[in-house]
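The following block contains the structure, expressed as structure tokens.
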Amino acid sequence: MKVSQFHLATTRETPAEAEISSHQLMLRCGMIRKLTSGIYVWSPLGLRVLRKVENIVREEMNRAGALEMLMPSVQPAELWHETGRWDQFGPQLLKMKDRSGREYAFGPTHEEVITDWARHELKSYKQLPATFYQIQTKFRDEIRPRFGVMRSREFIMKDAYSFHIDDESLQQTYEVMHAAYSAIFTRLKLKFRAVDADSGAIGGSQSHEFHVLADSGEDLIAYSDESGYAANTEMAEALAGIDTAPIASESIQKHATPGCHTIGDVCKALEVTAERTVKTLVVEAEEGLIALVLRGDHSLNELKAEKLEGVKTPLQLADEDQIKAAVGCGTGSLGPVGLPIPMIIDRSAAVLADFIGGANEKGFHNSGINWGRDVAADRIEDIRHVVAGDPSPDGKGTLSLLRGIEVGHIFQLGSKYSESMNAVVLGEDGKAHVMPMGCYGIGITRIVAAAIEQNHDDRGVIWPLPLAPFQVALLPMNMKKSLRVREATEALYTELQDAGIDVLFDDRPVRPGVMFNDMELIGIPHRIVVGERGIDAGEVEYRARNESDNIQVPMAEIVDYLKKRLNN
RNA sequence: CGGGGCGUGGCGCAGCCUGGUAGCGCACUACAAUGGGGUUGUAGGGGUCGGAGGUUCGAAUCCUCUCGCCCCGACCA
């Protein structure tokens, strides 16, 4: 491709709306352009990258035995009523009506459509297991779209669905998909991790998320330094950290702590560290209120808390008035001793001795509190987020934390959809069997942004080769004046194309600096420069985007040299 | 949904307080010079100042309504 025949539209300035690197760079490269909130146009340059991702995903899905198909974006409301999700899915579901008033949703996901398809198409256990997938546009009306295509409302997703005669078959396919996903991210040359995950609103039992690692990621992943354990911190089990029973050595004592409302205030006033304090959060229960007691330096994991018996779902913190009515004092002075509402104590808080907590009286805290002696610890649960340094839940090593961007998620759905939609096949026994299902998603558009988050510098994008819009940039120096340079570059351009190399020839009448900057901004992995000096020496100049030194290569060897580079 | 901010040419912004009929940089067009890291000069094209209503002799500027966009928050007492 010649730049003169391509649409290259880079900008020097960063659009004001872009917050994170990948969004800024995608705009500056001219890969995307916002049409309206959370909705983007992909330019020819951007689409090249998108297609690379799609094709790798497609190849690996095919290799794993999944069959590609294409389902509609616009889906009739009736299907969503069947599964109950028309009302459950919430405001993220974009609803619309046609001219005769019939209701539709723009598909945010396709469980309903595929299950409807499967119940018509699949009749016998002999057709199972079967996995179908598509690469297609989805729409989710996000509360707050942000970060460009990282969290957009319209996006492209690869979604796959598998159908089975029993759970054992589902488990097998699930493992095949897990392996296929690992193969995909490995081929994309992205640093990633597969982690245990919550199955969330889509439902089901087993679930893994695939995260591209990047410091700017929105998710926190906990992993063991000694085993393969990795989990989203939403899910990671938090252990107490201490095996021995706490031993009391102090007696309980009340301290005036006027104006202290936060753990930080109390620590300062009483000159202790937060690990020796507890905080008491009050949430709504199915009946009345429940207090959650955590170590002062730990944070509540809402997901864990709302799964506990008695706690109202979704988790709702009690407001000041509710707390005053039940306890007599407001937030900031709450503590376990003498608390008139039921308590759930976090494992780590339950192993404290001689600790500090609110006195349930405005402006006072207790020190030297001990469980058993001063207050009963009847109900101990895991309700906190893990932190770095916690013991790994599998007993091997300690946990570290990493930031990641969720780009893939696989679930074992079980019969959640097939049951409500009556998707059955006849089994060997001649009876109808509800098909257990699996579903497997990859955010194609998000991968592009995540790849940039992981691979860029202050000059621009550094594409991993499998994602690059072009493999090689060919830059002539002063081609306008020098016929020799023009002829040599044109000849090399033809030669590279003939060798099957995807080359971008910058034939614009611009100064070298402009070419260098543009090619680095859009992140072409390999660069060849042709100039008078080199021609005299029978050489061209090679440089990799992620290296800082130029390499002189004899003109006659450059194609082979590049082929070698491209195969690494 | 709550809070904050912003809408002026394709992009980045000034002008608004104190009303007098729109400007700068980048980008774009033409010509010339330059020619290994966003070069320079000259000459151009492009904006009913988000929209509607109001105040006024006169509104980008003041008032009212409205639409759109961005950021933060929506758990740590």
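Numbered from 1 within each chain, the chains take letters A, B, ... in sequence-line order. Bear in mind the structure is a predicted one, so any value in this text is a computation, not a measurement.
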Which pairs would a plain distance check flag for residues 521-528 of chain A, meaning a side-chain donor or acceptor within less than 3.5 Å of a matching protein atom at least two apart in sequence or in another chain?
unit_1, atom_1, unit_2, atom_2, d
A:His526, ND1, A:Tyr542, OH, 2.5
A:Arg527, NH1, A:Glu520, OE2, 3.2

Residue-level proximity of residues 535-557 of chain A to RNA chain B when a heavy atom falls under 4.0 Å: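 Residues of residues 535-557 of chain A that come under 4.0 Å of RNA chain B are, in numerical order, A:Glu541, A:Arg543.
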Full working for side chain to side chain contact (heavy atoms under 4.5 Å, CB included) between A:Ile551 and A:Tyr561: CA-CA 11 Å; A:Ile551 297 169; A:Tyr561 182 82; 3.4 Å; yes
Report, one pair per line, the protein and nucleotides 24-27 of chain B atoms (nitrogen or oxygen only) whose separation is under 3.5 Å.
unit_1, atom_1, unit_2, atom_2, d
B:G25, N2, A:Glu13, OE1, 2.7
B:C26, O3', A:Arg12, NH2, 3.4
B:A27, OP1, A:Arg12, NH2, 3.1

With sequence neighbours excluded, residues passing side-chain contact (heavy atoms from CB on, under 4.5 Å) with A:Ala256: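 Counting only residues at least two positions away or on another chain, A:Ala256 forms a side-chain contact (heavy atoms from CB on, under 4.5 Å) with A:Pro258, A:Phe364.
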Check: A:Asn550/A:Arg543 side-chain N/O donor and acceptor closer than 3.5 Å: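 Checked: A:Asn550/A:Arg543 side chains pair up, N/O donor to acceptor below 3.5 Å.
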Which residues pass the side-chain contact (heavy atoms from CB on, under 4.5 Å) test with A:Ser216, sequence neighbours left out?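 In terms of side-chain contact (heavy atoms from CB on, under 4.5 Å), with neighbours along the sequence ignored, A:Ser216 is linked to A:Ala214, A:Glu453.
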Charged tip of A:Lys95 within 45° of A:Trp86 ring normal and under 6.0 Å: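 Yes, cation above the ring, under 6.0 Å and within 45°.
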Which atom pairs link the protein and nucleotides 29-32 of chain B when you take only N or O atoms and keep those under 3.5 Å?
none

Contacts of type side-chain contact (heavy atoms from CB on, under 4.5 Å), residue A:Ala450, not counting sequence neighbours: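 Residues passing side-chain contact (heavy atoms from CB on, under 4.5 Å) with A:Ala450: A:Val212, A:Ile405, A:Val407.
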Do the side-chain N and O atoms of A:Asn370 and A:Asp354 include a donor-acceptor pair separated by under 3.5 angstrom?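 A:Asp354 and A:Asn370 do have a side-chain donor-acceptor pair below 3.5 Å.
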Nucleic acid contacts of residues 25-37 of chain A, taken as heavy-atom distances under 4.0 Å to RNA chain B: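 Only A:Arg28, A:Arg33, A:Lys34, A:Thr36, A:Ser37 qualify.
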Salt bridge check: are A:Glu547 and A:Arg565 linked by an N-O gap of less than 4.0 Å?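 Yes, A:Glu547 and A:Arg565 are salt-bridged.
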A:Arg144 side chain N/O closer than 4.0 Å to the phosphate oxygens (OP1, OP2) of B:C72?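 Yes, within the criterion.
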With sequence neighbours excluded, residues passing side-chain contact (heavy atoms from CB on, under 4.5 Å) with A:Ala285: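 Scan of A:Ala285 (side-chain contact (heavy atoms from CB on, under 4.5 Å), adjacent residues dropped) gives A:Ile290.
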All pairs passing salt bridge (charged side-chain N to carboxylate O under 4.0 Å, His left out) where residues 530-541 of chain A contributes a residue, at least two apart: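 Residue pairs passing salt bridge (charged side-chain N to carboxylate O under 4.0 Å, His left out), neighbours aside: A:Arg484-A:Glu532, A:Arg484-A:Asp536.
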Short of 4.0 Å, heavy atom to strand atom, which residues of residues 353-363 of chain A count as contacting RNA chain B?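 Listed by number, there are none.
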Salt bridge or not for A:Glu154 and A:Arg140, using N-O below 4.0 Å?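 Salt bridge absent between A:Glu154 and A:Arg140.
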Got a sec, which residues hit salt bridge (Lys or Arg N to Asp or Glu O under 4.0 Å) with A:Arg153, two or more places apart in sequence or on another chain?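 By the salt bridge (Lys or Arg N to Asp or Glu O under 4.0 Å) rule, A:Arg153 matches A:Asp141.
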Given A:Leu474, which partner from the list A:Val530, A:Asp507, A:Ile501 fulfils the side chain to side chain contact (heavy atoms under 4.5 Å, CB included) test?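 Result for side chain to side chain contact (heavy atoms under 4.5 Å, CB included) with A:Leu474: A:Val530.
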Check this for me, if you would: do A:Asp457 and A:Arg545 make a salt bridge, where the nitrogen-to-carboxylate-oxygen distance has to be below 4.0 angstrom?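 Looking at A:Arg545 together with A:Asp457, the answer is yes, because their closest N to O distance falls below 4.0 Å.
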